[in-house]
Amino acid sequence: MRLTYFGHSSFLLETSHARLVIDPFFTGNPSCSTSVDQISCDYVLVSHGHEDHSGDALALAKRCDATIIANYEIAEYFTAKGARTHGMNPGGGHTFPFGRVKLTLAHHTSSIEAGENPRYMGVPCGLLISADQKNIYHAGDTAVFLDMQLIGNAGLDVALIPIGDNFTMGPHDALLALEFLKAKLAVPMHYNTWPIIAQDAGAFARLAGTGGHQVKVMAPGDSFEV
Ligand code: NI
Ligand code: MN
């Protein structure tokens, strides 16, 4: 399978049977030069409600006739707006034609249309995707937590983990996450999009390397074969 990064927490995962976009954030993403109109997919996976993860989900799902996979509240929200959806909740997995998706815990918040009356969008989640004999974990937005050890028990080929700090774990805690997840390879995300989450991903990768963890820093537009 092929993994492409669009900046922030936005990825395309091309399996042998389907194209999955995770946390689509093209419109208004300062680190992404790809337009949402250039993307085609079969599924849109959304970790939580915040617009920097769900912003382009509806437009993408409608244009591509793709299914949105997310927690129950987010799925219902997009169903009401005319999208095809599949609702789940943490701990639950489902086998789709391309493989299996399991929602995991994440420690964060989840709302949409924030402001005076934000809509509560259920609990934030991480995504464990199993396809083509590979396991990919997208942590969503989260703090580090000890139960990441359980997620790591699946045997992770790639872990996508936030390092931006302020809204999610920062580099120090992300190093702990690497210890818990024991992924063959980790990719940092959710950093450098705005000054408040500016981080030196290269320095993080070097520190991780001294701890025996392989970290691949991807620039927006980069892709590689998992
Ligand atoms: Ni968030
Ligand atoms: Mn976020």
Side-chain angles (χ1 to χ4, degrees), residues 3-13 20-32 34 36 39 44-60 68-78 87-90 101 103-129 136-145 147-148 151 158-174 177 181 186-201 204 217-220:
L3 184 71
T4 303
Y5 185 46
F6 299 113
H8 205 55
S9 298
S10 204
F11 292 87
L12 170 68
L13 191 60
L20 283 58
V21 171
I22 309 169
D23 281 1
F25 179 42
F26 301 93
T27 311
N29 178 351
S31 61
C32 178
T34 307
V36 67
I39 304 294
V44 181
L45 283 64
V46 178
S47 65
H48 65 293
H50 295 152
E51 275 86 351
D52 58 319
H53 300 260
S54 68
D56 284 310
L58 185 65
L60 194 54
I68 295 175
I69 302 172
N71 77 21
Y72 179 75
E73 285 74 15
I74 292 171
E76 287 294 291
Y77 175 83
F78 285 127
M88 305 177 66
N89 259 325
V101 175
L103 295 191
T104 72
L105 299 185
H107 289 286
H108 190 62
T109 61
S110 179
S111 62
I112 207 161
E113 299 165 23
E116 206 173 324
N117 293 300
R119 294 186 182 212
Y120 173 64
M121 282 289 131
V123 295
C125 297
L127 303 152
L128 182 57
I129 302 159
I136 313 292
Y137 169 57
H138 185 293
D141 279 359
T142 188
V144 67
F145 52 97
D147 288 0
M148 281 179 169
I151 298 167
V158 181
L160 313 172
I161 57 167
I163 65 162
D165 215 348
N166 195 79
F167 302 111
T168 67
M169 58 185 169
H172 181 265
D173 284 358
L181 292 168
V187 175
M189 63 178 182
H190 212 272
Y191 68 96
N192 286 2
T193 320
W194 303 288
I196 195 164
I197 54 172
Q199 296 295 342
D200 184 343
F204 172 72
V217 176
M218 297 179 80

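What you see is a predicted model; the values in this text were computed from it and never measured. Below, all heavy atoms of this structure are taken into account, side chains as well, without hydrogens, waters or symmetry copies. Both counts, for ligands and for their atoms, begin at 1 and track the order of listing.
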Participant: Look at H50 and state whether any of its N, O or S atoms is less than 2.8 Å from the Ni ion (ligand 1).
Facilitator: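 So H50 counts as coordinating the Ni ion (ligand 1), yes.
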Participant: Closer than 2.8 Å to the Mn ion (ligand 2), how many protein N/O/S atoms do you count?
Facilitator: 4
Participant: Taking 2.8 Å as the cut-off, does an N/O/S atom of D141 lie below it from the Ni ion (ligand 1)?
Facilitator: yes
Participant: If we check side chain to side chain donor-acceptor pair (under 3.5 Å) with D23, which of these qualifies: S9, S10, S47?
Facilitator: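 That would be S47; it is the only one of S9, S10, S47 passing the side chain to side chain donor-acceptor pair (under 3.5 Å) with D23.
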Participant: Please tell me whether D141 and H48 have a donor and an acceptor in their side chains that are separated by less than 3.5 angstrom.
Facilitator: yes
Participant: Only to 10 degrees, please: what angle do the NE2 atom of H48 and the NE2 atom of H108 make about the Ni ion (ligand 1)?
Facilitator: 100°
Participant: Mind listing the closest non-hydrogen atom pair of Q199 and P171 along with its distance?
Facilitator: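 Heavy atoms of Q199 and P171 come nearest at OE1-CG, 3.2 Å.
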Participant: Give the minimum heavy-atom separation between A201 and V217, together with the two atoms involved.
Facilitator: O-CG2, 3.6 Å
Participant: Measure across Y191 and M218 and return the closest heavy-atom pair with its distance rounded to 0.1 Å.
Facilitator: OH-O, 4.0 Å
Participant: For W194 and H8, take the angle between the two ring planes, folded into 0 to 90°, and tell me which bin it lands in: parallel under 30, tilted 30 to 60, perpendicular over 60.
Facilitator: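 It falls in the perpendicular class, over 60°.
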Participant: Can you check whether T193 reaches D52 side chain to side chain, under 4.5 Å on heavy atoms?
Facilitator: no
